[in-house]
Protein chains: 2
Amino acid sequence: MTADLRPGGTLSAPGVPHAPTLEEVAERAGVSRSTASRAINGGLKVSPEAQAAVDAAVAELGYTPNRAARSLVTRRTDSVALVVPEPDEKVLTDPYFAGTLQGLSAAFVQTEIQLILLIARKGEEAQRTGRYLRNGHVDGAVIVSHHRDDALDSVLAESRLPCVFVGRPWSAPRPMQYVDVNNYLGGRRATEHLIARGCRTIATIAGPLDMAAGVDRLAGWRQALQDARLSDEAMVRGDFTSASGAAAMERLLEAHAGIDGVFAASDLMAAGALSVLAKRGLSVPGDIKVIGFDDLGVAASTAPPLTTMSNPVVEMSRVAGELLLEQIAGQTTSFEPRIFGAEVVVRESA
Amino acid sequence: MTADLRPGGTLSAPGVPHAPTLEEVAERAGVSRSTASRAINGGLKVSPEAQAAVDAAVAELGYTPNRAARSLVTRRTDSVALVVPEPDEKVLTDPYFAGTLQGLSAAFVQTEIQLILLIARKGEEAQRTGRYLRNGHVDGAVIVSHHRDDALDSVLAESRLPCVFVGRPWSAPRPMQYVDVNNYLGGRRATEHLIARGCRTIATIAGPLDMAAGVDRLAGWRQALQDARLSDEAMVRGDFTSASGAAAMERLLEAHAGIDGVFAASDLMAAGALSVLAKRGLSVPGDIKVIGFDDLGVAASTAPPLTTMSNPVVEMSRVAGELLLEQIAGQTTSFEPRIFGAEVVVRESA
DNA sequence: CGCATCGATGAGAGCGGTCCCACCCCGGAG
DNA sequence: CTCCGGGGTGGGACCGCTCTCATCGATGCG
């Protein structure tokens, strides 16, 4: 306690240099705190001389504004949360998450904004997350991997915190802005691709049905089959992970004879399915054609390389970040979602 | 500006509820701000009645301390940075990174600490990162994926910011605390495993040589070969990614005849290598045995499943988080690194 | 030549906490 | 009975910043 007194006080610890304050910058520049502050924040109504003096002082001292002090008065924190409702490795190891991180960080690189990773846990922890978001600790939030029951949508809706979902949120008290890929159309196109390649008994490994991506891709698969008057019975759920994809493939092979095409709602699940097929000695695409969804690196390195649907997560997340910045600035004109297209990326598996 | 005046002032915007302040909690509890503060922070010298009243008021109001205000006076921020020196997908998509995230978040879940993701970019951006770390915006930092030339070690050394590296740092002005897996021994054991399985011409796909993990695993490979009086000539560098692993495998097959074993310094690179081998019609482990490093999910889902070295990243990172907490609390007794063992995980590729 | 205007400036009041300090009141010791 | 000690309390000074407001000189205009 005694060791860390401010310069305004008396002593300061020998080894620990304290961060320079605006006061010191002002003194060095020979201006008042007010002028220094103005010069640093955009320089309205600051004479060129004063500006130059302040700039020089800032550079010499290595000054960075104290965010806490600034935040206290501006009521902005210059930080946004990336909210992940699931704690486990399921989300974090998914390349989709990495893509989100990459896109967001790209959106914020030109700004002062820091990214806070908020891993929302269940139960009591969730309350804390809600409270954290509600009580002004961040200027906004991006939510990824949102599930139906994680209650995040309603918390955010009533908090009025600027926020953007990556992936369509469930219905909320007020409509929430989001970015997403067209999962329904993606699922349909993927299935149509299998049909065009000659498949007639087409199964799907669906994603979790408490996530929009899971439901919509499944709906697309179903629609394509109905349009082609093919059976839509061979459906097994997975959870987007490779292991669940493998398990699902096993169950499909047991329960349904004659499957010649599989639409997996994620590349990870498709990869799991491929390994099962390989183990059973089934050739891909010879015996069974497989198409995935995401195209985020995994697809290119499976054996055989996976035909899949593109999912522009990085770009989408970058847009999500920009939309969030707009919301924070109060410049949002429309809360319409931004939907991106998914294209078939043909490799070897279908 | 006019819309957001405090209750101490006069009006406040209709829709936007402001976060409750300590003042309001105190008033509701019928005590002073000081007492309320004491009750909230551990409750020394607070009567049971006062404590109960404050607790009740906190619950009713949904009060959370304003971090900015607290931080301003305590000079703590209750946040730590996870520093990633590379901006690109290379790091973020690596399961190693996901593991780090998971371990750290586990270490901090019981605390108030928030994790700030700091993606350090090159050049000018790097300066900003350094300044950010130096000027007290975070209480500490964990550095992952550190390269020789990213200058992070020296910045951190002179800043005296509590920090822990995940993965051995390069020499710095002062010794830095770190956690790591025993890469040297891991490389050696992996290679010895290949030798024990009968391989005689053993190549390696090394990691980046500006990272300790790259150098040390390579050294282990070399030592094992020298001990067995085998050639250590077949070495190609990768960058830990799957694509680089594939490219490296191509080069190895071109330049060196008769390779019957490959030690890849990461599972991702091993997976890339496997796909090349499959494409060439070489059987694994029949013609060539392959062993990887990391065992973080990828290994189990390659074809064939990959024999590899375990790398307890999650656990390691959790420890890194705890060590950081100790440093921040000033309770660090020893800056000794914490080294974890890597074990052979036998699957099918070797 | 006097007056309004305007750009540039500094003084000062907070923002919401923490913590030092003075104070009060009680019990136990002298 | 007085004095001391200490637990419990409230007052108030900050932390470093932003922003309003008053001031002031230089300018433009009637």
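Keep in mind that this is a model prediction, so the values were computed, not measured. Convention: sequence-line order gives letters A, B, ...; per-chain numbering from 1.
Summarising the geometry of A:Arg38 relative to A:Val46, their closest heavy-atom pair is CB-CG2, 3.7 Å, with the distance given to 0.1 Å. The two residues A:Pro162 and A:Ile328 have their closest heavy-atom pair at CB-CG1, 3.9 Å. Minimum heavy-atom separation, A:Ser145 to A:Asp150: O-OD2, 4.4 Å. Between B:Ala107 and B:Arg318, the shortest heavy-atom distance links the atoms CB-O, 3.5 Å. Smallest separation of non-hydrogen atoms from A:Leu104 and A:Ser317: CD2-O, 3.5 Å.
The stretch residues 60-73 of chain B comes close to DNA chain D through B:Leu72, B:Val73, each having a heavy atom under 4.0 Å from the strand.
Distance check, rounded to the nearest 0.5 Å: CE of A:Met176 to CD1 of A:Ile143 gives 6.5 Å. Atom CZ in A:Arg67 sits 11.0 Å away from atom OG in B:Ser71 (nearest 0.5 Å).
Separating the CG atom of A:Asn135 from the P atom of C:dC15 is a distance of 18 Å, rounded to the nearest angstrom. Put simply, CD on A:Glu23 is 12 Å from C1' on C:dG12, counting in whole angstrom units. Across the protein-nucleic acid pair, A:Gln51 atom CD and C:dA8 atom P stand 11 Å apart, rounded to whole Å. Residue B:Leu22 contributes atom CG, which lies 20 Å from atom P of D:dC14 at whole-angstrom precision. With rounding to whole Å, B:Arg75 atom CZ is found 18 Å from C:dG17 atom P.
Residues passing the salt bridge (charged side-chain N to carboxylate O under 4.0 Å, His left out) test with B:Asp139: none are found, sequence neighbours excluded. Residues forming a salt bridge (charged side-chain N to carboxylate O under 4.0 Å, His left out) with B:Arg28 (at least two apart in sequence, or on another chain): B:Glu60. The salt bridge (charged side-chain N to carboxylate O under 4.0 Å, His left out) check on A:Arg33 picks up A:Glu23, with sequence neighbours excluded.
Residue B:Ser37 places at least one side-chain N or O under 4.0 Å from the OP1 or OP2 atom of C:dT18.
No hydrogens or angles considered: a donor-acceptor pair under 3.5 Å links the side chains of A:Arg70 and A:Asn41.
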Look for any protein N or O under 3.5 Å of an N or O in nucleotides 8-11 of chain D and output each such pair with its distance, or none.
{"from": "D:dT9", "atom 1": "OP1", "to": "B:Ser47", "atom 2": "OG", "distance (Å)": "2.8"}
{"from": "D:dT9", "atom 1": "OP2", "to": "B:Ser47", "atom 2": "N", "distance (Å)": "3.0"}
{"from": "D:dG10", "atom 1": "OP2", "to": "B:Ser32", "atom 2": "N", "distance (Å)": "2.9"}
{"from": "D:dG10", "atom 1": "OP2", "to": "B:Ser32", "atom 2": "OG", "distance (Å)": "2.9"}
{"from": "D:dG10", "atom 1": "OP2", "to": "B:Thr35", "atom 2": "OG1", "distance (Å)": "2.6"}
{"from": "D:dG10", "atom 1": "N7", "to": "B:Arg38", "atom 2": "NH2", "distance (Å)": "3.1"}
{"from": "D:dG10", "atom 1": "O6", "to": "B:Arg38", "atom 2": "NH2", "distance (Å)": "2.9"}
{"from": "D:dG11", "atom 1": "N7", "to": "B:Ser34", "atom 2": "OG", "distance (Å)": "3.2"}
{"from": "D:dG11", "atom 1": "O6", "to": "B:Ser34", "atom 2": "OG", "distance (Å)": "2.8"}

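In the helix from C:dC1-D:dG30 to C:dG30-D:dC1, the terminal helix axes, each the rotation mapping four pairs' C1' atoms onto the next four within five end pairs, subtend 60°, rounded to 10°.
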